Amino acid sequence: MSTPHTKTYVLVHGAWHSGRAWDRVVPLLARAGHRVFAPSLTGHGEKQHLLGPDVGLDTHVADVAGLLTEEDLTDVILVGHSYAGMVISAVAAQVPDRVAGLVYVDAMVPEDGESALDVMPMTQHLIDAAASTDTPWRIPPLPQQPAPLGLFGVTDPADTAWLRTMLSDDSVRCFLQPVRLDDPALDMIPRTHIHCVGSTPPGVARRPVAPTQPNGAPSQVWELRSGHDCMITTPLELTELLLKAA
């Protein structure tokens with residue numbers, strides 16, 4: 001449980017990544033006096049061997065919700081990057097009494113009943129490509145592209161090499177399972193949106209954020225001049241925004 005002067009952050013990585021993606025942010029938040037958790041979702045990082053066709057969005061929601069209950073975490077700021085916007089939304093709907101704020105970092109922001117494919121239709125070509133392989137349930141990480149897009153927005157050679165050490169395949173089921181957001185208490189949780197700007201890949205369209213949050217407060221949207229993996233390329237700037245988020 002957090003004291004009045006500390007916050008508890010749970011940082012959730014996006015598709016194909018692992019909890020190590022937050023390695024540059026975790027110590028910055030900790031040095032500011034806060035508790036920080038950065039779990040790897042099932043099928044990634046130290047749990048990579050658990051990836052299978054049955055691993056889906058619900059699996060990852062259970063990972064994070066389980067962490068909150070097992071550690072008895074309350075007043076949590078849930079931070080979701082990319083695909084993990086789906087995850088933190090569903091976790092907050094499951095255990096709203098444990099969540100103090102949601103932070104969407106260049107993330108998917110779903111409506112009830114939507115899948116990642118609904119939110120980001122360009123993922124269909126990844127599913128189609130997987131369908132023509134010997135493992136049609138398995139989607140490899142996106143390939144590196146010429147600068148400024150790079151590998152998930154990372155262009156520095158050393159950073160790119162480090163990022164490659166934590167990338168692994170994802171399951172098609174993660175992109176197809178619908179999210180369940182049917183608890184009205186979810187709407188009362190404050191939200192912050194952090195948009196990475198400057199190097200958006202072709203075909204990727206970000207949904208506009210409504211001027212008002214579901215709880216009636218004005219929407220809080222900040223821009224960060226960074227590639228998609230801002231926790232790797234601009235960890236200090238991202239941390240400063242996270243400290244302001246809730």
Side-chain angles (χ1 to χ4, degrees), residues 11-19 21 39-45 47-66 78-94 102-145 149 151-154 163-164 166-182 186 193 195-196 200-208 227-231:
L11 312 177
V12 188
H13 64 81
W16 304 294
H17 291 58
S18 78
S40 289
L41 302 175
T42 296
H44 301 282
K47 302 175 184 176
Q48 183 176 340
H49 64 287
L50 298 176
L51 184 68
D54 293 333
V55 171
L57 175 61
D58 284 355
T59 313
H60 295 158
V61 172
D63 288 339
V64 179
L78 276 180
V79 180
H81 177 242
S82 197
Y83 155 80
M86 305 287 296
V87 179
I88 66 169
S89 297
V91 171
Q94 280 195 13
L102 295 170
V103 183
Y104 295 89
V105 180
D106 222 30
M108 298 181 181
V109 184
E111 300 291 338
D112 184 31
E114 287 189 319
S115 67
L117 177 60
D118 294 322
V119 179
M120 194 70 68
M122 59 84 62
T123 54
Q124 183 65 58
H125 85 272
L126 304 176
I127 297 170
D128 293 342
S132 63
T133 69
D134 293 336
T135 52
W137 59 270
R138 195 174 190 124
I139 300 180
L142 297 176
Q144 186 171 354
Q145 301 181 63
L149 299 178
L151 184 64
F152 295 99
V154 179
L163 174 57
R164 287 189 186 282
M166 68 184 79
L167 296 180
S168 60
D169 294 354
D170 241 316
S171 167
V172 167
R173 188 174 175 83
C174 295
F175 297 90
L176 296 181
Q177 267 196 319
V179 69
R180 294 193 294 272
L181 308 176
D182 52 2
L186 172 64
H193 303 264
H195 293 165
C196 298
T200 303
V204 175
R206 180 183 292 119
R207 286 181 171 178
H228 184 55
D229 277 6
C230 56
M231 68 288 298

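Computed from a prediction, not measured in an experiment: that's the story for all the values here.
Using a 4.5 Å cut-off on side-chain heavy atoms (C-beta onward), T59 and Q177 make no contact. Contact of the R164 side chain with the L151 side chain is registered, since non-hydrogen atoms from C-beta on lie closer than 4.5 Å. For the pair T123/I139, no side-chain contact is recorded, criterion being any heavy-atom separation below 4.5 Å from C-beta on. Taking the side chain as every heavy atom from C-beta outward, H17 and L167 approach each other to under 4.5 Å. Residues H81 and H228 form a side-chain contact, since some pair of their non-hydrogen atoms from C-beta on lies under 4.5 Å apart.
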Working for side-chain contact (heavy atoms from CB on, under 4.5 Å), residues V109 and V119
CA-CA 7 Å; V109 184; V119 179; 6.0 Å; no
Step by step, work out the side-chain contact (heavy atoms from CB on, under 4.5 Å) result for W137 and V55.
CA-CA 10 Å; W137 59 270; V55 171; over 6 Å; no
Walk me through whether V87 and D63 qualify under side-chain contact (heavy atoms from CB on, under 4.5 Å).
CA-CA 9 Å; V87 179; D63 288 339; over 6 Å; no
After noting the C-alpha distance and the side-chain angles of C230 and V105, does the key distance pass the side-chain contact (heavy atoms from CB on, under 4.5 Å) rule?
CA-CA 9 Å; C230 56; V105 180; 3.5 Å; yes
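Every residue two or more places apart in sequence or in another chain was checked for a side-chain contact (heavy atoms from CB on, under 4.5 Å) with P178, and none qualifies.
Between the CD atom in E111 and the CZ atom in R207 there is a gap of 6.5 Å [rounded to 0.5 Å]. H13 NE2 to H44 NE2: the interatomic distance, rounded to the nearest 0.5 Å, is 5.5 Å. Taking CZ of R180 as the reference point, atom OG of S89 lies at 13.5 Å (rounded to 0.5 Å). Interatomic distance, NE2 of H49 versus OG1 of T42, reported as 9.5 Å (0.5 Å rounding).
At a threshold of 4.0 Å, the pair D58-R173 does not count as salt-bridged, since none of the basic side-chain nitrogens sits closer than that to a carboxylate oxygen.
Ring geometry for W16 versus F175: interplanar angle of 30 to 60°, hence tilted.
The two residues D169 and P140 make their nearest non-hydrogen contact at OD1-CA, 3.2 Å. Closest approach of A92 and L102 over heavy atoms only: CB-CD2, 3.8 Å. Nearest approach of I88 to V103, heavy atoms of both residues: CD1-O, 3.5 Å.
Of the possible polar contacts, one joining the H125 side chain to the M122 backbone as a donor-acceptor pair under 3.5 Å is found. Judged by distance alone, the side chain of R206 and the main-chain N or O of C196 form a donor-acceptor pair under 3.5 Å.
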